[in-house]
Amino acid sequence: FVPAAAHEARMAAAAAARDADDAALARACQQALRVSGDVEIDVDDTNAVDATAPGEEWAQVPPQPPGEYWHKYQDGGAFWWHYDGPLGSWFCTGSGDVP
């Protein structure tokens with residue numbers, strides 16, 4: 001058996017180590033996810049959205065399904081949509097998520 005005081009001391013040391021690891025991970029994520037400038041999203045008449053990530057060219061996102069070039073599929077009771085058209089290949093669940 002381990003005396004209660006020794007057990008509590010070990011648990012406190014382990015918690016402090018986890019907190020330090022969590023803080024280091026949070027700092028690394030904050031640095032990795034830092035972006036510069038503003039992001040603009042434009043919606044045109046067809047509900048297609050222009051969006052870009054830093055350093056990438058503009059990509060046009062198709063409007064949400066159903067519509068032209070969208071095909072509905074079912075896998076194990078779950079429905080999803082696949083777009084294969086002039087804007088590329090996209091998929092979504094159609095539950096309000098963006099392709």
Side-chain angles (χ1 to χ4, degrees):
F1 292 99
V2 176
H7 175 72
E8 289 174 8
R10 285 189 206 153
M11 295 300 290
R18 283 192 304 273
D19 289 346
D21 289 345
D22 289 346
L25 177 60
R27 282 190 303 276
C29 289
Q30 184 179 20
Q31 288 294 327
L33 298 175
R34 183 169 290 156
V35 296
S36 63
D38 293 330
V39 176
E40 293 183 22
I41 299 176
D42 298 323
V43 179
D44 65 17
D45 293 342
T46 62
N47 287 332
V49 177
D50 287 331
T52 187
E56 293 183 6
E57 293 185 19
W58 288 90
Q60 193 171 31
V61 178
Q64 291 191 359
E68 188 175 16
Y69 305 110
W70 283 104
H71 302 282
K72 189 174 185 179
Y73 295 93
Q74 179 181 7
D75 287 328
F79 291 98
W80 60 280
W81 293 84
H82 179 254
Y83 174 93
D84 191 14
L87 300 177
S89 182
W90 301 81
F91 74 92
C92 69
T93 63
S95 301
D97 66 337
V98 178

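Quick note: residue numbers are just sequence positions, from 1.
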Got Trp90 and Pro65 here, is their nearest side-chain heavy-atom distance under 4.5 Å?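 Answer no - side chains too far apart.
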
Identify the heavy atoms of [X] and [Y] that sit nearest to each other, and give their distance.
X     : Y     : result
Tyr83 : Glu68 : CE1-O, 3.7 Å
Trp81 : Pro66 : CH2-CB, 3.6 Å
Lys72 : Phe79 : CE-CD2, 3.5 Å
Tyr73 : His82 : CE1-CB, 3.6 Å
Leu87 : Pro62 : CD1-CA, 3.5 Å

